[in-house]
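Here is how names work: the chains are called A, B, and so on, in the same order as the sequence lines, proteins then strands, and each is numbered from 1.
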Amino acid sequence: MAGSPLRPVLRRVGSGLVVLWAAATAAYLALLAAPGDTVDAIVGEGADTPQIRADIVAEWGLDRPAVVQYLDYLGRLVTGDLGRSYLLQRPVAEVIGEQLAPTLALALAAAGLGVLLAVTVAIGTAGDRRPWLRRASSGAELLLVSTPSFLIGIVLLSVLSFRFGLFPVAGAHGFGSLVLPAVTLALPIAGLLAQVLRDGLDRALDEPFVLTARARGVRERVVLLRHALRHASLPAVTLAGWLFGILLGGAVIVEQVFGRPGLGQVTLAAVTAKDMPVVLAVVTLSAAVYVAVNTAADLTYLLVDPRLRRS
Amino acid sequence: MAPLVEVEDLHVDFATPTGPVAAVRGVSLTVEAGECVAVVGESGSGKSVTARTLVGLAGPTARVRAARLALGGRDVRGLRPRQWRRVRGRLAGLVVQDALGSLDPLRTVGAEIGEVLATHGIVGRAERAGRAVRLLDQVHVPEPARRARQHPHQLSGGLRQRALIATAIAAEPALLIADEPTTALDVTVQAQILALLAERRDAGQSLLLISHDLAVVGRLADRVLVMRDGEIVEQGPTARLLSAPAHPYTRQLLAAVPSASSRGRRLAEPPRLREHCGVPVLSRPPLPARPPVDPGDAVLVAAGLTKRYGTHTVVRDVSLTVARGETLGLVGESGSGKSTVARIVAGLLAPDGGEVTFERAPWTGVAERARRPRRRRLQVISQDPLSSFDPRYPVGRVVAENLEPGGDRADRRERVVELLRRVGLGPDLLDRHPRGLSGGQRQRLAIARALAPRPSLIVCDEPVSALDVSVQAQILDLLAELRAADGTALLFISHDLGVVHHLADRVLVMRDGAVVEQGPVGDVFSYPRHEYTRALVDALPALVTAGRP
């Protein structure tokens, strides 16, 4: 163990880079195979003459072989150059940079709220102290997990915004406009996470070390928080990658429902218009965040469970 | 002064979907200050439930009734959770079996001790770490400061049990409840833990010791209570109870303990109590006679076995011979390499050096295709039979799978029923699943499966180590009967010298991967030449007062 504590970290970062490359390549191939002509996409609704088309081919280098274009794309990606948007005629980095903040705010708020809700519910209902509360809670969780998030969003909107006017209907101005989208996105996450956590808590509470902890005179709340929760958090940490997928997929829909600016809107527009550089950038960015989240989860595992540190 | 523990007419029921089940039925006991009282019984006798009821931890479905239930003169019936918390750890500390699971694997040993100190406000935050180290030192953990920073998985079984005892005595409770404190530990480690508990008792601490093993409590207890089916069937001072047991069940428990004196005798049959020169002795019925063993007729020969993992040599130059019909014992502690030898002999692991010959033909270094048809002649019984059964197979299929090929359905079924009958299982179990069987029944099933192809050698790897003494006695009787009837040779691996002395003809003693001593079992254990064998024999908690044939 003392040899090199950084080795597991380096190994994970290395495999993360491979995943990143695979994601970028897969996205590139998928878009190449998609029907439709790149020149059509760049021309869009604008003037369309043979001269303009020739200029576009020359300007974007579209007459080069596909392999060269792919290598060129990879090369620029490594240096951080994401290219220019066909649709907006602006650097992709700029387009994404503008829209990143609202999506990040939404995702972080939803993740934080989801985890908080899940931990509170799981701790409140684990064990066999309140069987009726436990049954009610697992019923509600099942409902939340199986309801599409746009439906939750629409219900929240129509009740809290349209009827009672508690929150703004659309936009991203201030804290108030963040509440409903974040809740919409957080509820399914909280539902599944609560089930996993409670299951882990139940199993931990059956372990002999809980009996010895109780036999020391430790309070039940302390038994749950200090002993059982750490054990229960291990399977929950594994879900971090899944959680991120829900956040990303959910954000696209939730931003649409609540009329929020953000990466979801940008992605939707880019896919519809076949704006290749933007789609590629979003896919690569998602893959990067996904890799980062999973690496962090693996390292959290090592932090929480000393038994894994040996190898 | 009132006794430290007063229990009168204690009843504990557990609510189940099919109605209440009585676990404890009218138990009364007292523990005086500075006294060591032992409660002995089999699994399911209610001894652990009794112990846990004393600290209010019998479980959420338990219903407790008692005419009196008092700790330190204070009535604990109907205590509120808050009040219980002040009793637990402070008035009574609890030590249970298996410290790997009983200490939180995610926390350091020091943190676990510190938790007790914090809960009961024994010392301030700044002094907690230092006090934890002092407590580890008090239970004789070497390098206590380093150990306090380690996690349970970094400690050996003995050190873990010491650390667990340190947590139980941290708040200086007057009573220490130890529930099977030495089960699953090696004999020498067991002896050390028993010595540590004796030291606590001599320092004036009251001990309530719970065990299935009379030999263990005999060393420590002032008084013994024998429990069966939730009731106390007999109690008395340890010396009297062990030398002149009045109740037939106590006699049976005593007779079930295997040792030198039980060789050739049945362990599980009810013994008779005989007067011998004015001293009462237990008389065990004899086992069927065995044909003599011809040492020249070897069924298995292993020569110069060596096995390495990386730079670590786990088996070094081990040679052994098992003659036809002979029982060879292989004893050693955890990590001695005995199970690795068993796996090599069973053909499950290839040695790095040396070779095995089975039935006069090479057994190692041959192609698996050639060895497979011969495998039926060599069978294995393991410590945990359940994990060796396919969880979807019913009992009948577990045995049928191992039958010699041939015969129609009805014929094969008949052979399965006959095998089950031989190990004492009825045909009504054919369609049951092994997980629904008791520990003893599972081991019987594993034996029936091993017997199915009529092997010449059975490798038994700790086959009775996970069983209660009385169930262990039944399984040992069964093995002795079967080997007498079939002439099957046994390679019997165990950490329990008493079991090996009872059953084996010759014995090999292993330590750190090497054989340190071997010979006829009586010679090796009665006149050990190697200091390690001597240490093992000395560590054995022997029942000296009763059990002669």
Could you tell me which of B:Leu106, B:Val87, B:Thr108 has the largest number of non-hydrogen atom pairs under 4.5 Å with chain A?
-> B:Leu106

Top contributor to chain A interface from B:Glu115, B:His151, B:Arg90, B:Arg82 [non-hydrogen pairs under 4.5 Å] | B:Glu115

If every non-hydrogen atom of A:Ala287 is compared with every non-hydrogen atom of A:Leu20, which pair is closest and at what distance?
-> C-CD1, 3.5 Å

Contacting region of A:Val210 [heavy-atom separation from chain B under 4.5 Å] | neither

Going by distance alone, is a donor N or O of one side chain under 3.5 Å from an acceptor N or O of the other, for B:Arg86 and B:Gln83?
-> no

Atom pair CD (B:Glu112) and OG (B:Ser102), whose distance is rounded to the nearest 0.5 Å = 10.0 Å

Is it the side chain or the backbone of B:Ala118 that comes within 4.5 Å of chain A heavy atoms, both, or neither?
-> neither

State, to 0.1 Å, how close B:Val96 and B:Gln161 come at their nearest heavy-atom pair, and which atoms those are.
-> O-NE2, 3.2 Å

With a 4.5 Å cut-off on heavy-atom pairs, point out which of B:Thr61, B:Leu57, B:Val116, B:Thr167 contacts chain A the most.
-> B:Leu57

No-hydrogen, no-angle side-chain donor-acceptor test under 3.5 Å, A:Glu141 and A:Ser137 | yes

